Asks: 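Pasting a structure below so you can have a look.
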Amino acid sequence: MKSIHVKLPDGKVTEVASGAKVGELAASLGVNSNVIAAKIDGTQVDLERALSRDCTLDWIPLDSSEGVDILRHSTAHLMAQAVQSLFPGTQVTIGPTIEDGFYYDFKRDASFTPEELQKIEDRMRELARSNLKVIREEMPRQKAIQLFRKLGEEYKVAILEEIPDETVSLYRQGDWVDLCRGPHVPSTGVIRAFKLISVAGAYWRGDERNEMLQRIYGTSWPTEEALREYLRLLEEAKKRDHRRLGKELGLFMVSDTIGPGLPLWLPKGAIVRSILERYIVDLERSLGYEHVYTPQLARVELYQRSGHWDHFKDNMYPPMVFEDKEELVLRPMNCPHHVMIYQHELRSYRDLPLRLAELGTMYRYERSGVLSGLSRVRAMTLNDAHIFCLPEQIQSETVSVLRLIERVYRDFGFTDFWYRLSLRDAKDKGKFVDNDAMWDNAERCLRQALAEVGIQYKEAEGEAAYYGPKIDVQLRDVLGHSETLSTVQLDFYLPERFGLEYVAKDGQRRRPVMIHRGVISTMERMMAFLIEHYAGNFPLWLSPVQIKVMTVTDQQKDYGQKVFDKLKVGGWRVEFDDRNEKLSYKIRAAQLAKIPYAVVIGDREVKDQTVSPRRRGGETLKAMAVEDFVQTLKSEVARELGNELSGSGG
RNA sequence: GCCACCCUAGCUCAGUCGGUAGAGCAACUGAUUCGUAAUCAGUAGGUCGCCGGUUCGAAUCCGGCGGGUGGCUCCA
């Protein structure tokens, strides 16, 4: 019998008989029983895989990221097995792993009820307990097609018909079989800590023209503790949800009567917003942006000219018609308005780059199913700017926008984000402007800028704007959804459509380039992120109410009022709680309202003409004069602005 | 827009098998004057999302519509 050399993870080389199984080698070496799969020369394999040549071997333990992924995939299989045993006639389609879990899409006429979900979970536990061996089997593709056709699995047949390989692999556990690349856990007994989460509709192959399948989401973990911890984190995340905190803290509301996706900013939310607006406008002005105001209505012709009407109509509200003459639309974007400002006078190359910025309110018709709190709305105010520049300024302008984005994120302490280079889908002719040279050029410019700043990014085909490619910055909300916060879009198209010109050094008329950019997104979405980011505990400089003055008894009302007035006049956002309640009751209320400072006033403070501040969270400061307290506040704000807003760390 | 689920007082939620609504918190009134996360008592508050149907009778059953939630699709 031939023997082969296997290099183990510790670097040692061992000799085994050709044909020995990976799992047998693991057992003979006494490796951790947690190992559920392995990698041969970097390719994942089951423990049942036979070793047939010299190779390098790595173990995949259950609690490694690869191991958990395999576990979840196997759990998806277990669920499909349970579903098909409980509901004969249900067809399987695909069942991949996703972050923190898995799903499987089924074709079944009825949808799954919550009770059925529970039944499925129960059946899964039975199947797991019976510890079925998971067996891989390879067969010619045509034979597999016959097999699944006989089983009535039309979707699997469809998938098989598109697989290029002539040999495919199946996995069997008990009497159940599925088409799958693998690898899988050696037996169902490995699957212990799982939970089915929800049912949802999903289109076959993700195309809404196709039939809708029933998708079941679930999660699976190496241990019960890990599962419990995950479920606990989910609960925690829900408490940070901006929709919940927005309601609890009185920041914003949505009214059915006004309409979905049209949020109202309550006084406290409006304070935060106005501070944010001042922050970004000041920052932009310091960087050479000029702010403008433009109207929210425009003639339809404007958008026909800009191309929005052809490419963006589905997201626009229908026009308002006046006496069959004039048609006006609510604007979905203000780039054409800024184009008009550019064209208002003859521009010289010396005027460029011209950076026009606006906090502009836009209206976009979003399909009802996608609306969500403040992060997905139909009326929104964008932190928008359009940079008109010379072609040779593209890179430096793009770089400075990227630096601005990085600066702002540092200021607010955002760390969980990534860059996406969004490109067109060249096959989708209707969706994107058709001009290959223009797209290629724009794409090259963006790549160069990203390289200059040294930014890592992922590419996404089909995510571009209709007029050009863009760099998007994706942030994750507390529930794990990724949303675009910032964007830099390069546009050769609108300048062409509107015939923009500048007078070059040689006196010739030339065409400028436009860069569309948004840094803090819309005020709505930024607010949503900030609420979740701070879990409602806004830093002092942003907090809608900064201080709550409270008396211990009615005896201190007069002095309390004086303290309150002094702070109010000093420009602090302060409230006075002089209700006839116990101090601890008032403290609790202030804490729940997430107010940074409670200022306690009792007999001692009246006598000494002091205040006793208590920080949100419970830290009590020693009694001090109001003036000293104000100094404390001032230095705290300075520290926040210093650290957060200069980006100097901290 | 599509699939599923949900909608009861300002908020969070009970409400068995159909017999015209209940709690806690908040609000208000009174008592209490109490020093760092809930003092006690009382009062008021709801066309049970809306419209229609079944029924002697509907928060409860059925249908339609609206809104929300989780997904799908879309996402400038």
Side-chain angles (χ1 to χ4, degrees), chain A residues 98 103 105 110-114 116-117 197-217 238 241 243-244 247-248 250 253-257 259-261 306-308 311-316 332-335 362 364-373 376 380 382 384 422 431-432 460 462-468 470 472 479 481-484 487 489 491 516 518 522 550-557 579-593 598-605 612-621 623:
Chain A
I98 50 175
Y103 67 78
D105 286 348
S111 48
F112 295 101
T113 64
E116 286 172 341
L117 221 57
I197 304 283
S198 64
V199 198
Y203 302 105
W204 165 239
R205 293 198 158 135
D207 188 328
E208 65 179 325
R209 287 166 303 195
N210 289 339
E211 63 270 39
M212 185 158 276
L213 308 170
Q214 304 295 323
R215 174 173 299 179
I216 304 179
Y217 283 91
K238 276 189 197 154
D241 188 322
R243 291 165 300 190
R244 175 179 174 144
K247 189 188 269 186
E248 284 175 8
M253 62 171 280
V254 186
S255 152
D256 287 3
T257 314
S306 70
H308 288 97
H311 294 276
F312 204 66
K313 201 175 165 196
D314 288 349
N315 283 294
M316 290 172 67
M333 295 182 190
N334 58 357
C335 9
M362 316 293 162
R364 299 179 188 178
Y365 179 75
E366 297 284 358
R367 299 219 259 175
S368 61
V370 308
L371 299 174
S372 175
R376 198 101 199 142
M380 70 218 78
L382 261 68
D384 214 356
S422 295
K431 194 170 158 188
F432 303 100
E463 295 286 339
Y466 74 82
Y467 45 73
K470 54 182 182 148
D472 292 320
L479 297 174
H481 309 125
S482 174
E483 289 270 23
T484 304
T487 181
Q489 312 177 356
D491 184 1
H516 308 240
T522 64
M550 54 189 67
T551 52
V552 176
T553 74
D554 287 349
Q555 310 308 313
Q556 301 92 31
K557 266 190 181 182
R579 290 178 298 177
N580 178 11
E581 296 288 353
K582 288 173 72 167
L583 179 64
S584 53
Y585 180 87
K586 300 183 190 182
I587 292 276
R588 180 168 191 272
Q591 177 72 39
L592 291 175
V599 163
V600 174
I601 292 177
D603 284 339
R604 288 202 297 273
E605 285 74 18
S612 288
R614 174 196 193 271
R615 287 212 170 96
R616 173 177 58 198
E619 184 196 355
T620 55
L621 279 55

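Numbered from 1 within each chain, the chains take letters A, B, ... in sequence-line order. Keep in mind that this is a model prediction, so the values were computed, not measured.
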Asks: Whole-Å distance between B:G30 P and A:R579 CZ?
Replies: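 Checked: the CZ to P distance equals 15 Å.
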Asks: Just to be sure I understand the rule, does A:A590 reach a base, reach only the sugar-phosphate, or reach nothing, if contact means heavy atoms closer than 4.0 Å?
Replies: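 If one applies the 4.0 Å heavy-atom cut-off, A:A590 turns out to touch nothing in the nucleic acid.
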Asks: Taking atom P in both B:C56 and B:U69, what distance in whole Å separates the two?
Replies: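 Between the two P atoms, the distance is 40 Å.
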Asks: Without decimals, in angstroms, what is the distance between A:F432 CZ and B:C74 P?
Replies: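 Atom-to-atom, A:F432 to B:C74, this comes out as 11 Å.
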Asks: Closest nucleotide of RNA chain B for A:T113 versus for A:A202: which of these residues is on the 5' side?
Replies: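 Checking each residue's closest nucleotide, the 5'-ward one belongs to A:T113.
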Asks: How far does the C1' atom of B:A14 sit from the matching atom of B:C72, given to the nearest Å?
Replies: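 Pairwise C1' distance, B:A14 against B:C72, rounds to 34 Å.
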Asks: Answer yes or no: is there a donor N or O on one side and an acceptor on the other, between the side chain of A:Q214 and the main chain of A:G201, under 3.5 Å?
Replies: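 Judged by distance alone, no pair lies under 3.5 Å.
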Asks: Without decimals, in angstroms, what is the distance between A:M550 CE and B:G35 P?
Replies: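 About 14 Å, once rounded to whole Å.
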Asks: How would you label the contact of A:D603 with the nucleic acid (heavy atoms, under 4.0 Å): base, sugar-phosphate, or nothing?
Replies: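 Base contact - A:D603 has a heavy atom under 4.0 Å of at least one base atom.
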Asks: Salt bridge (charged side-chain N to carboxylate O under 4.0 Å, His left out) with A:D207: which residues, sequence neighbours excluded?
Replies: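 Once residues adjacent in sequence are excluded, the partners of A:D207 under the salt bridge (charged side-chain N to carboxylate O under 4.0 Å, His left out) criterion are A:R209.
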Asks: Could you encode protein contacts along nucleotides 36-49 of chain B as a string, one character per nucleotide from 5' to 3', using B for base contact, S for sugar-phosphate-only contact and - for no contact, with a heavy-atom cut-off of under 4.0 Å?
Replies: BBBB----------
Asks: Expressed in angstrom and rounded to an integer, what is the separation of A:Q556 atom CD from B:G35 atom P?
Replies: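 Checked: the CD to P distance equals 9 Å.
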Asks: Got a list of protein N/O to nucleotides 64-70 of chain B N/O distances below 3.5 Å?
Replies:
residue: B:G67; atom: O2'; partner: A:D256; partner atom: OD1; Å: 3.0
residue: B:U69; atom: OP1; partner: A:R243; partner atom: NH1; Å: 3.2
residue: B:G70; atom: OP1; partner: A:R243; partner atom: NH1; Å: 3.3
residue: B:G70; atom: OP1; partner: A:R243; partner atom: NH2; Å: 2.7
residue: B:G70; atom: OP2; partner: A:R243; partner atom: NH1; Å: 3.1

Asks: Indicate whether the side chain of A:Q489 and that of A:T487 have a donor and an acceptor atom separated by less than 3.5 Å.
Replies: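 A:Q489 vs A:T487: donor-acceptor pair found between side chains.
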Asks: Show every salt bridge (Lys or Arg N to Asp or Glu O under 4.0 Å) that has at least one partner inside residues 582-592 of chain A, sequence neighbours left out.
Replies: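 Residue pairs passing salt bridge (Lys or Arg N to Asp or Glu O under 4.0 Å), neighbours aside: none found.
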Asks: For A:F312 and B:C74, give me the distance from atom CZ to atom C1', rounded to whole Å.
Replies: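 The answer, rounded to whole Å, is 11 Å.
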Asks: Hey, does A:Y103 reach any base, or is it just sugar-phosphate, or nothing, if we go heavy atoms under 4.0 Å?
Replies: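 Result for A:Y103 = nothing.
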Asks: Classify the nucleic acid contact of A:Q214 as base, sugar-phosphate or nothing, counting any heavy atom under 4.0 Å across all strands shown.
Replies: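 Sugar-phosphate, no base atom in range.
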Asks: Could you state the atom-to-atom distance from NZ of A:K586 to P of B:A26 in whole Å?
Replies: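 Going from NZ in A:K586 over to P in B:A26 covers 14 Å.
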Asks: If pairs are Watson-Crick or G-U with both distances under 3.5 Å, what is the dot-bracket string of RNA chain B, marking crossing pairs with [ ] and pairs to another strand with |?
Replies: (((((((..((((.....[..)))).(((((.......))))).....(((((..]....))))))))))))....
Asks: Would you kindly give the CZ-to-P distance between A:R205 and B:C72, to the nearest whole Å?
Replies: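 So the two atoms are 18 Å apart, to the nearest Å.
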Asks: To the nearest angstrom, how far is A:R215 atom CZ from B:C5 atom C1'?
Replies: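 My rounded result for the distance is 17 Å.
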Asks: Would you list the protein and nucleotides 6-17 of chain B atom pairs, both N or O, that sit under 3.5 Å from each other?
Replies:
residue: B:U12; atom: OP1; partner: A:K247; partner atom: NZ; Å: 3.3

